[in-house]
Amino acid sequence: MSELATAGRPRLRARFAAVVVVCLTLLLGLLTAPPATAALPVNDPNNVQVLVTKSRPLNPLRYVPPDLVTYPGTGYVLRREVSANLQNLFAGARSAGVPLAVVSAYRSYDQQAALYNSYVAQYGQAVADTISARPGHSEHQTGLAVDVGNASGSCGLNACFATTAGGRWVAANAHRYGFIIRYPDGYQPTTGYTFEPWHLRYVGRSVATEMRTRGIPTMEHYYNGSNPSIKYSADLVAADSTGTLWNYPASYLNGFRPRGRLGAGWAGLKAGFNTDWNADGYQDILAQWTDGRLTLYRGLRGGGFQAPVQIGNGWGSYDVVVGTWIRGSRYPSVVAKDPAGAVWHYPNASGGGFSTSAITRIGQGWGDMRLAMADWDRDGNQDILATRSSGQLMLYRSNGVGRFMNEPARAIGQGWQNMDSLTAVSGFQGPGTYGLRARTGTGGLIYYPMPGNRWGTASGIGQGWQSYRIFR
């Protein structure tokens, strides 16, 4: 080695050390930096990031975008920037072999009023408010929203669009072009609207990519800067044999990310439920205890839970499920089977306790059955799935207004006698997915996709859960 090369080594070491110090300093800064604060909601309707919700109307109410253009080859109009980026999105979809088409775009105040009123006349106001915005409160009026569908017309403006090749491509790639799925599955309490996998909202590439990268599901979450302990309804919450409560965030790859500890003192739990009980956008815990108490732990915006509030007693021998039994209800409620085999609905009228005057019996003769609630046919109504001791899994379809359909129950599975903790989960395998999570008698977890009126291919998603109380 030359003398010159040898002399240069200390300088290289010094430079290398300096680079290491700089990198470590930057990394330490990233690790110790405070969490991102909430973005301020945008009110200007000309801004592509304007927030429009049921409680945040456009200002002015009859706003008309200044730069509407006709989308090529159609009679639909959009904001100029939105149209250009949608053309790029459609080109990407064509290249992937899933051609798409525009189904709806800009609607004026008067057009939205006519559409909303037609839904009220057809379905009633409660249901209409879950599927259509009131005039002046619609994203379509901004010129930033577009409803898309398969070019073939299959599953147009239906939840099944999410299960098609085109719907899956949109869910995976929309953010690359500045769009988000504005009303994702499982977030009706937050957005106020049912799942709309076809409704794309343009927010610009930077915000769309940030939301995708940080796992922010809705614009409401983006603007409130929340960081609750249970972030998504697809997360698995379970108490171990020591009474420690854990959250297992879904990885969207048929598994879970590293768990987070939620607290101790859960040894007396009979059953637990991960639910947005008061419809504030944060996941709460409803706990059924072996001593008969039913308690509510409200999730806090910044993490943790409020002190428990007892909302019932005498529930020790009941089989309980939680969900939106009456379609259009703002709050989830309880369906429970009593020791005599009668099934009751306990409405949650205000996000607190039960409306005792409205408790109704909806079935009887269910003595050997265990209950689960799921939208089997993806029609927006929560049905009851019940396992019999013989191993049959029975489907009892709901009419959406608090009763069962006037039709016989039918078996949709066999061999379920040793399965428990049946839970309907939205988004477990990614945006737009829906399925049933269940535990086997040997402690394995299985996920059964439910794309609508059938089972998809089941997947094993975990082992060793024998001693856990898995939230339903």
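Residue pairs meeting the side chain to side chain donor-acceptor pair (under 3.5 Å) criterion with at least one member in residues 48-58, sequence neighbours excluded, are Asn43-Arg56, Thr53-Ser55. For residues 237-246, the set of pairs meeting the salt bridge (Lys or Arg N to Asp or Glu O under 4.0 Å) definition, not counting sequence neighbours, is empty. The disulfide (SG to SG under 2.5 Å) contacts involving residues 156-219 comprise Cys155-Cys160, where partners must be two or more places apart or lie in separate chains. Screening residues 272-282 for salt bridge (Lys or Arg N to Asp or Glu O under 4.0 Å), with sequence neighbours left out, gives no hits. Counting only residues at least two apart or on different chains, the side chain to side chain donor-acceptor pair (under 3.5 Å) pairs with a member in residues 383-395 are Asp368-Ser389, Arg370-Thr387, Arg388-Gln392. Sequence neighbours left out, not one pair with a member in residues 331-340 passes salt bridge (Lys or Arg N to Asp or Glu O under 4.0 Å).
For Asp377, the side chain to side chain donor-acceptor pair (under 3.5 Å) partners two or more places apart in sequence, or in a different chain, are Arg397. Under the ring-ring contact (aromatic ring centres under 6.0 Å, His included) criterion, Trp169 pairs with no residue at all, not counting sequence neighbours. Partners of Arg293 under the salt bridge (Lys or Arg N to Asp or Glu O under 4.0 Å) rule, at least two apart in sequence or in another chain, are Asp291. In this structure, Phe161 has no ring-ring contact (aromatic ring centres under 6.0 Å, His included) partners at least two apart in sequence or on a different chain.
In the model, Tyr116 has a side-chain atom that pairs as donor or acceptor with a side-chain atom of Arg134 under 3.5 Å. For the 3.5 Å distance criterion, the side chains of Glu210 and Tyr222 qualify, holding a donor opposite an acceptor. Side chains of Asn150 and Thr164: a donor-acceptor N/O pair is present below 3.5 angstrom, by distance only.
Partner Trp376 forms a ring-ring contact (aromatic ring centres under 6.0 Å, His included) with one of Trp455, Tyr434, Tyr448, Tyr396 and no other, that one being Trp455.
With hydrogens and angles disregarded, a donor-acceptor distance shorter than 3.5 Å links the side chain of Thr290 to the backbone of Gly268.
Here the side chains of Trp315 and Tyr346 are in contact, with some heavy-atom distance below 4.5 Å.
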Output side-chain donor-acceptor pairs under 3.5 Å for residues 354-364, partner residues at least two apart or in another chain, one line each.
unit_1 : atom_1 : unit_2 : atom_2 : d
Arg361 : NH1    : Gln364 : OE1    : 3.4

Kindly list each side-chain donor-acceptor pair under 3.5 angstrom involving residues 463-472, sequence neighbours excluded, with atom names and distances?
unit_1 : atom_1 : unit_2 : atom_2 : d
Gln466 : NE2    : Thr442 : O      : 3.0
Arg469 : NE     : Leu269 : O      : 3.3
Arg469 : NH1    : Lys270 : O      : 3.4
Arg472 : NH1    : Asp319 : OD1    : 3.4
Arg472 : NH1    : Val320 : O      : 3.3
Arg472 : NH2    : Val320 : O      : 3.4
Arg472 : NH2    : Leu371 : O      : 2.5

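Salt-bridge check for Arg330 with Asp129: failed, with every basic side-chain N at 4.0 Å or more from each acidic carboxylate O. In this structure, Arg182 does not pair ionically with Glu196, as no charged nitrogen and carboxylate oxygen lie closer than 4.0 Å.
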